[in-house]
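Here the structure is a predicted model, which is why all the values come from computation and not from measurement. Excluded from the calculations below are hydrogen atoms, water molecules and symmetry mates; all remaining heavy atoms, backbone and side chain alike, are included. Here, residue 1 is the first one in the sequence, and each next residue gets the next number.
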Amino acid sequence: MPSSNRYAYLDWLRIMAIIGVLFFHSAMPYVAEWGWHIKNKETSNLLMEFNFFLSRFRMPLLFFISGAITHVMLRSRTTGQFIALRFRRLLVPLLFGMLLIVPIQVYMERLHTGYKGNFLEFYPSVFTTGPYPKGNLSYHHLWFIAYLFVYDLIFAPIFRWLMRLPASRFSWWTKGLRVYLITVPSILLYTVLVLRFPETNDITNDWCYFIYWLGYLLAGFFALLVPGLMDVLAKYRRTSLTIALLVLLVLNYMRWNQKEPYDFFTDYSAHWQTYAYLLLYPLVGWFWVFTAVGYGKTYLDHKKPVLGYLNNAVYPFYILHQTVIVVLTYYLVRTSDTIGMKYLFTVLSTFFITMAIYHVVIRPNPVMRFLFGMKKAALKKEKKVTPETATIPVVPA
């Protein structure tokens, strides 16, 4: 079994990704182009561009890390044990979130649009009105947990089979820049499918993104399955960064100068230029992920005393943070403060409120730990947490 220190960078990257989710969701009320649960009257183009950048690699990075940690978890468990663990650490928090955490968000949104009742009057409608947005039942930002749960159930036997194969069968991928070829299926499928199946996050009708996210999870698993592949990503981190920056520059140049295919063609889906443009989106996503993993492997592969605490906190933080943001935003949009002040207040307040709830309510309570997908381990052992015993390969949107 490899040293746990070897994968400390995955924990740091996961923590950083969840902090990115906090910044992303805190900006959503002030972004005009994308719909969200509660919107401020004034919006910010700068925050929109900030969120556009984060959205290129935020979820891809989380799925990549999830795939890598799935490999680590399967090393010390049978397929059945792994699946049972996913039920406890994914399905239980998902159902709990849908029954209690997310309804608060939906209620605040309904208040924002004119609902007059209190939460106790509203709550029965979660079970009687059907799925969101017409109804009030939803998993909102917890869609990531639902997707990860389905992926792990489907692919656990395949992962186990791959782990039984000789490592030498995969050595081809560690030669030079061949690692970049693992992006090809995902990029092509996204380019072909995205116009027909736009993102919905509802699993059943989300064919393009269901396959697209899966590509990152499989790549993360493969990156630990193949000895030395993570080292290759670290070696070529500057190459990945260069490509990521160049593609992002081209993409933004076209967006900012009205040179997107939608600006030229009425029937844009019939033109090859449209698909060449759409290809830029998954391309920039993949290379930002490779950049993050490469630099993380190089500079973050070390443990600090605080890592265990943060590693345990990150999953409950993800589950709670958006509900805190929505509640705060419901009141903030009524004030006359600037967007910058509202955004800063949202980020800081959400961080401290969510961490306080985790530290005081969730962390010391065995029942709450179970509901939030945490281990039963004694608190004094939290600082010993490693990727092998991590809460979950997580998370969020």
Side-chain angles (χ1 to χ4, degrees), residues 7 9-21 24-25 53-74 82 86 89-91 93-94 139 141-156 158-159 162 179-180 182-190 193-194 197 199-203 206-226 229-230 233 240 244 281-294 296-297 314-315 318-319 373 387 390-397:
Y7 302 120
Y9 67 97
L10 293 177
D11 290 322
W12 286 118
L13 286 173
R14 178 173 53 216
I15 292 164
M16 294 168 66
I18 298 304
I19 295 299
V21 169
F24 180 89
H25 284 148
F53 171 69
L54 285 179
S55 66
R56 295 312 94 210
F57 64 91
R58 175 178 52 96
M59 295 311 301
L61 179 59
L62 285 171
F63 276 113
F64 185 95
I65 295 170
S66 298
I69 300 299
T70 292
H71 182 275
V72 175
M73 296 174 71
L74 273 168
F82 173 76
R86 308 323 274 153
R89 296 195 183 171
L90 294 176
L91 186 60
L94 176 63
Y139 46 46
H141 67 296
L142 304 184
W143 67 267
F144 174 83
I145 301 177
Y147 278 55
L148 185 56
F149 177 70
V150 172
Y151 291 152
D152 281 348
L153 286 188
I154 294 173
F155 283 91
I158 300 174
F159 289 154
L162 289 171
V179 64
Y180 290 155
I182 66 177
T183 70
V184 173
S186 173
I187 291 173
L188 293 180
L189 286 170
Y190 176 95
L193 294 175
V194 69
F197 300 103
E199 185 176 10
T200 64
N201 294 338
D202 67 357
I203 294 184
D206 199 22
W207 288 106
C208 175
Y209 278 85
F210 185 84
I211 296 172
Y212 181 58
W213 304 136
L214 174 62
Y216 288 99
L217 181 126
L218 295 178
F221 179 87
F222 192 66
L224 283 193
L225 176 71
V226 180
L229 202 60
M230 285 293 196
L233 291 177
S240 298
Y281 282 82
L283 192 65
V284 76
W286 274 104
F287 280 94
W288 277 116
V289 167
F290 286 162
T291 298
V293 173
K297 178 72 169 64
V314 69
Y315 191 28
Y318 167 72
I319 294 172
T391 312
I392 175 179
V394 90
V395 47

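- The shortest side-chain heavy-atom distance between Phe155 and Thr70 does not fall under the 4.5 Å cut-off.
- When all heavy atoms of Arg14 and Ile65 are compared, the pair lying nearest together is N-CD1, 3.6 Å.
- Rounding to the nearest 0.5 Å gives a distance of 5.5 Å between CZ of Arg89 and CE of Met73.
- Residues Leu62 and Ile18 meet the side-chain proximity criterion, which asks for heavy atoms closer than 4.5 Å.
- Residues Val293 and Leu233 share a closest heavy-atom pair of CG1-CD1, 4.0 Å.
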Report task. For Phe290 and Ile182, run side chain to side chain contact (heavy atoms under 4.5 Å, CB included): C-alpha distance rounded to whole Å, both residues' side-chain angles, the deciding distance at 0.1 Å, then the answer. Result -> CA-CA 11 Å; Phe290 286 162; Ile182 66 177; 4.0 Å; yes
Enumerate donor-acceptor pairs with a distance under 3.5 Å from any side-chain N or O in residues 212-221 to protein atoms, sequence neighbours excluded.
| from | atom 1 | to | atom 2 | distance (Å) |
| --- | --- | --- | --- | --- |
| Tyr212 | OH | Tyr216 | OH | 2.8 |
| Tyr216 | OH | Trp286 | N | 3.2 |

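- Side-chain rings of Tyr209 and Phe197 stay apart, their centers remaining 6.0 Å or farther from each other.
- Considering only residues two or more places apart in sequence or on other chains, Tyr139 meets the side-chain contact (heavy atoms from CB on, under 4.5 Å) condition with Leu94, Met98, Leu142, Trp143, Ala146, Tyr147, Asp202, Ile203.
- Of all non-hydrogen atoms in Gly20 and Leu54, the two that sit nearest each other are O-CD1, 3.8 Å.
- Note on ring orientation: taking the six-membered ring where Trp is involved, the planes of Phe210 and Tyr151 are tilted (angle from 30° to 60°).
- Expressed to the nearest 0.5 Å, how far CG of Leu283 lies from CD1 of Ile187 amounts to 5.0 Å.
- Among all heavy-atom pairs drawn from Val284 and Ala244, the shortest one is CG2-O, 3.7 Å.
- When all heavy atoms of Leu61 and Leu13 are compared, the pair lying nearest together is CD2-O, 4.5 Å.
- Side chains of Met230 and Leu10 form a contact here, defined as non-hydrogen atoms less than 4.5 Å apart.
- Residues Val226 and Val179 fail the side-chain proximity criterion, which asks for heavy atoms closer than 4.5 Å.
- Ring geometry for Phe144 versus Phe63: interplanar angle of 30 to 60°, hence tilted.
- Interatomic distance, CG of Asp152 versus CZ of Phe82, reported as 4.0 Å (0.5 Å rounding).
- Contact annotation: the side chain of Leu91 never approaches that of Arg86 to less than 4.5 Å [non-hydrogen atoms, C-beta and beyond].
- A pairwise comparison of heavy atoms in Thr291 and Ser240 identifies OG1-C, 3.2 Å as the closest pair.
- Of the possible polar contacts, one joining the His141 side chain to the Ile319 backbone as a donor-acceptor pair under 3.5 Å is found.
- A ring-centre distance under 6.0 Å is found for Tyr180 and Phe287.
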